[in-house]
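Bear in mind that the values here come from a model prediction, so they are computed numbers and not experimental data. Side chains are part of it too, since the values below use all heavy atoms of this structure and drop only hydrogens, waters and symmetry mates.
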Amino acid sequence: MGDGVLADMPTDTKDGQRVGIYPGTFDPITNGHLDIIQRAARHMCDRLIVSVAVNAGKGPLFTLQERTDMVQEDVNQLPEATRRKIQVVPFEGLLVHHAEAMNAELIVRGLRAISDFEYEFQMTGMNARLNREIETVFLMSSERHQFISSRFVKEIRSLGGDVEQFVSPHVKERLDWKLS
């Protein structure tokens, strides 16, 4: 799927499955993101949709297709029981509209530090006013991932630092290629 083609693929929830969405820019996906994905899929959702946002305002290093592919590659490395519960899709527009189109009842957000909370709190309030049927739930980052951010990973790598402990090997390769 190219950058210009974004389609919401509805997920049938008539069978009683709890569908959650974990949205993000994932520029690039980090081990912290992957930790949230695994935990949400195992403990919170019967089906988790990892939604890769266009978010041109952030000026992403990678194209939407590259980011979607990196997320899918990382998901493909997860244990089969977890992997089967996860779908990776690109999206554009309001998150609440995307969640409605995907029949999701949960939006999963990761929190690293207290500094994340104010922004997330405001976004949750706005989303609740747009659709009260969609609940936002927060997962705290695991201790070993609390200070990882895509922005820091890109900065460290662009300055010649090693990011091996923060991203998967294939993401590191893509960063090396993109920033060399």
#### Entry: Residues Glu120, Arg109: salt bridge by 4.0 Å N-O rule
yes

### Message
For Tyr22, give me all partners under ring-ring contact (aromatic ring centres under 6.0 Å, His included), at least two apart in sequence or on another chain.
### Response
Phe26

### Query
Going from CD1 on Ile37 to CZ on Arg42, what distance comes out if it is rounded to the nearest 0.5 angstrom?
12.0 Å

### Query
Same cluster or not: are Ile134 and Met123 linked, directly or through other Ile, Leu, Val, Met, Phe, Trp or Tyr residues, by side-chain heavy atoms under 4.5 angstrom apart?
no

### Message
Assess, by modelled atom type and distance only, whether the side chains of His170 and Asp74 contain a donor and an acceptor separated by less than 3.5 Å.
### Response
yes

Show me, pair by pair, the donor-acceptor contacts under 3.5 angstrom made by side chains of residues 143-153, not counting sequence neighbours?
| unit_1 | atom_1 | unit_2 | atom_2 | d |
| --- | --- | --- | --- | --- |
| Ser149 | OG | Phe152 | N | 3.0 |
| Ser150 | OG | Pro28 | O | 2.6 |

### Query
Roughly how far, to the nearest 0.5 Å, is CG of Leu139 from CG of Asp35?
8.5 Å

### Message
With side-chain contact (heavy atoms from CB on, under 4.5 Å) as the criterion, how do Ile36 and Arg39 come out once you've worked through the C-alpha distance, each side chain's angles and the decisive distance to 0.1 Å?
### Response
CA-CA 5 Å; Ile36 297 290; Arg39 290 168 49 215; 3.9 Å; yes

### Summary
Between the CZ atom in Arg132 and the CG atom in Asn127, the distance rounded to the nearest 0.5 Å is 11.5 Å

### Message
Would you say CE of Met126 has more than 12 non-hydrogen atoms from neighbouring residues, nucleotides or ligands within 6.0 angstrom?
### Response
no

### Task
State whether Glu66 and Arg174 are salt-bridged, where the test is any N-O pair (Lys NZ or Arg NE/NH1/NH2 against Asp/Glu carboxylate O) under 4.0 Å.
no

### Query
Is it true that Arg157 and Asp176 make a salt bridge, defined as a side-chain N closer than 4.0 Å to a carboxylate O?
yes

### Task
Using the test side chain to side chain contact (heavy atoms under 4.5 Å, CB included), find all partners of Arg84 that sit at least two apart in sequence or belong to another chain.
Glu80, Ala81

